[in-house]
Engineer: 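The structure under discussion is supplied below as structure tokens; questions concerning it will follow.
Chain naming here is simple, since letters A, B, ... match the order of the sequence lines and numbering starts at 1 in each.
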Amino acid sequence: MEMPRTISVLVKNRPRVLARVAGLFARRGFNIDSLAVSTTESEGISRMTVATTADAPTLSQIAKQVSKLHDVVDVIDHTDLKVVERELCLIKVIVDRGQRGELISLCDVFRGDIVDIGNGSVMVQLVGDTDKIDAFVELLADYEIVEMVRSGKIVLDRGAQKE
Amino acid sequence: MAHEMIPGAQALLRVFEEENVDVLFGYPGGSVIPIYDALYDSTIKSVLPRHEQGAAHAADGYARATGKVGVVMATSGPGACNLVTGLATAYLDSVPIVAITGQVKTNLVGTDSFQEADVTGITIPVTKHNYLVKEPYQIERFADLVREAFYLARTGRPGPVLIDLPFDVSAGCVPWTERNIEALDGYEEAAVPDEADIDRAADMIEAAERPVMMIGGGVVTAGAHSEIIEFANKCNIAVVHTLMAKGCFPESHELSMGMPGMHGMAYASYAIQHSDLLIVIGARFDDRITGDLSRFAPDAKVIHIDIDPAEIDKVRTANIGIAADARTATRALIQAVSARDRGAWEDTLLKFKRDHELAYTDDDELMAPQLVVQKLHEVTGGNAIVTTEVGQNQMWAAQYYPLEEPRKWCTSGGLGTMGYGHPAAIGAQFGRPDELVVDIAGDGSIQMNMQELTTGTIHELPYKIIILNNSFLGMVRQWQDMFFDKRYSGVDLTGNPDFVKLAEAHGAVGLRCGDRDRIVETLEQAMEVDDRPVMVDFAVSKEENVFPMIPAGQSFENLMECPMAEKSSSA
């Protein structure tokens, strides 16, 4: 079934490795919904968290093709695993003084933080899974969003085991 | 311990020697002069083709004919860019090549300097791996990096690997280190087949009433031809081969059911369509084999063995997928599977073969191209190493030059590269100097790398080029004939050069034949030449089509056999 799925790709931190992985997605026609890249607990190893929308065979094909890249150390398919999934979102919203209270209580419900207040605008920081952030952004439809950025999804499997 | 410091170019050649590289196909230029300087004192034979594309295909032909890694070199920028078609050809057919390209000096990389191109960027999609050598961690282990390139090229599913070497790295000094490439994280040569999978496969094979084995290029790579023959003989299973596996299973063998697919033998396609089990070894369900996937082998279960796990379930979902080396897996199957009688199926296959023989008519004023290939087979005793160009010539070669051994067939199967066959013949001849090498060509394709005749002449290579000259880009014309109302657009090659004079101008021998009664005589004349290439121009029927044909995206139900041929035809 086609649905949002996430894989983590552990790669050697070498020049052009991002181009290799992203290029493979592009030339084989796999979509990338979001992509987050960072260092890891192991020196020289980076972690790419790739969110995509695909059915199970397609994701399996993606994982197998990505695994073949020489700089790729491991690929983890999180589909059937218990995971903690997070995304960070920064949203700059136009609010006048009268609307501020309402926005702050909305943030409280979603455990968002006001991280900057300017003249007529506030910046909200929200951490959560993709659904939560989507829901929050939807609720902000009544306000004018000036700018928004999302970090892309990051995921770790639950439990003491290393993946 | 301090390592000996030697120029990068010398380290490169030392590793070449370790890897038993005996010939290098390369074209110099500013960025590779330090390497050419080192080659001056080397025992490695440096061959200078007349175009970098020729160099790449020659390395490819050498690799296919010998099973060794082919080595090609080009300078930065345009030289390296000219390798791309050759790399893509090798990549799609999983041919082991190490390509060395020069690069501008490290401090100029990224500044659009003279003859700079982002060659590692350009070649990511057409190489198994590539390196731009400029980081300290690479230079410290430069010798191992080159060894690793060879290792990656020839192991697992082979493929081309490119090393982009800036001028100052090959001219400057690197430490000479002993071989230490054990730790290749995340890279496995080949998984060993799972015993349980082999047992399940054996059960499935024993239970099958109408099994067919389909072998592909992976069988050549694995050197599994003897095992395939043993397996087929033991279990009495018919074998079809893809274009890439031609010669892996002797085509004269009674269990050989030929090549299926778009221009394959009709009986091969019928065997697949009626089978209840396909045992696919080292093949990848290319669209030229399957046509409409939903109607391909509709009643068959599939056992798929491939060294590349990504091939399993990529196109056709397998009932049993075994990611393993073809030879290891076939050996395991030989042990596990018992023979059984399948008389009715054998009769059906024989009937397919009898009722659907290859056929053509030779009733045009000009000779049929198929006849030329058949006569070539006769005159050469079927023993030549055959390279092909791409198009009708390639399909007629596949149909009418049956082969009995692997590694005697060099053709661009996946990419379908016109201009491949001639330089590939040069590479094959360097790799196997004492054997007869023949390029079966069309008048279109041959002109794409004609310049390499000089290379052949200089090195006194006695390969033969057989041009099936119909003054058309025949395969495109055939599609226009059959599917575009005969609107022949862009395919007329009237105005071709005089191929005999052209051969002579290159110092080769040129022969011409326009008379079907002189085919054998002309071929024999060509075979007598042993110190230079021979190019033979056969004027063949201009509008001959390749049959059988399953139009693109259709299925065996739409298979067309030669419409005019009677069973009495010469085929």
Engineer: Stepwise, does the salt bridge (Lys or Arg N to Asp or Glu O under 4.0 Å) test hold for A:Glu147 with A:Lys92?
Structural biologist: CA-CA 5 Å; A:Glu147 273 185 305; A:Lys92 200 186 288 174; 3.1 Å; yes
Engineer: So which part of B:Thr317 gets closer than 4.5 Å to some heavy atom of chain A, the side chain, the backbone, both or neither?
Structural biologist: neither
Engineer: Below 4.5 Å from any heavy atom of chain B, which atoms of A:Gln61 appear? Answer side chain, backbone, both or neither.
Structural biologist: side chain
Engineer: Let me know if B:Asn130 has heavy atoms under 4.5 Å from chain A in its side chain, its backbone, both or neither.
Structural biologist: both
Engineer: Identify which part of B:Gln138 has an atom lying under 4.5 Å from any heavy atom of chain A, answering side chain, backbone, both or neither.
Structural biologist: neither
Engineer: So for atom NZ, which belongs to B:Lys105, do other residues, nucleotides or ligands contribute more than 12 heavy atoms lying within a distance under 6.0 Å?
Structural biologist: no
Engineer: What do you reckon, is CZ of B:Arg295 surrounded by more than 12 foreign heavy atoms closer than 6.0 Å?
Structural biologist: yes
Engineer: Do A:Asp33 and A:Thr53 get their side chains close enough for a donor-acceptor pair, meaning under 3.5 Å?
Structural biologist: yes
